[in-house]
Undergrad: 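Would you mind keeping the following structure in view while I ask a few things?
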Amino acid sequence: MTDHLKAQAIRVARLFAVAFAAQLITTGTANLGWKTLAALGIGAAEAVVRQIWPTTPATPPKPAASPPTGG
C-alpha cells in the first residue's frame, strides 16, 4: 500500500469516526440497539461518501419566455 493510499484510508476512517461520534452524541446512549447503531453507521458512511464525491449543483432551468403581450 502506498503512502497516499494509507493517508486516504486514515482520512476516510477519521471522517467516519467523527460523523459517527457526532451522531451518537446527538442521539444519546439511552436506547442504543443494533438498529440505531446501523442507522448511525449508514449516516456516517454517507457523510464520508459526500466528502469523497461531493454533489454537484443541478443546472438551473432555462427561463421561460415571456408571454406575448396583446398590443
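Every heavy atom of this structure was used, including side-chain atoms; hydrogens, water molecules and symmetry mates were not.
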Undergrad: Of all the heavy-atom pairs spanning Q51 and R11, show the shortest one and how long it is.
TA: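 In this case the closest contact between Q51 and R11 is O-NH2, 4.1 Å.
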Undergrad: With hydrophobic residues grouped by side-chain heavy-atom distances under 4.5 Å, do V12 and I10 end up in a single group?
TA: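 Cluster IDs for V12 and I10 differ.
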Undergrad: Kindly work out whether a path of hydrophobic side-chain contacts (I/L/V/M/F/W/Y, heavy atoms less than 4.5 Å apart) joins L15 to I52.
TA: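 Yes, because L15 and I52 connect within a single hydrophobic cluster, where side-chain heavy atoms sit under 4.5 Å apart.
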Undergrad: Between CG of L24 and OG1 of T36, what distance do you get to the nearest 0.5 Å?
TA: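 If I round to the nearest 0.5 Å, the distance is 9.5 Å.
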Undergrad: If hydrophobic clusters are built by linking Ile, Leu, Val, Met, Phe, Trp and Tyr wherever their side-chain heavy atoms come under 4.5 Å apart, do V48 and V18 end up in the same one?
TA: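 No.
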Undergrad: Atom CD1 in I25, atom CG in L40: separation rounded to 0.5 Å?
TA: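 I25 atom CD1 to L40 atom CG measures 11.0 Å (nearest 0.5 Å).
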Undergrad: Could you give the distance from CD1 (I42) to CZ (F20), rounded to the nearest 0.5 Å?
TA: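 The distance works out to 11.0 Å.
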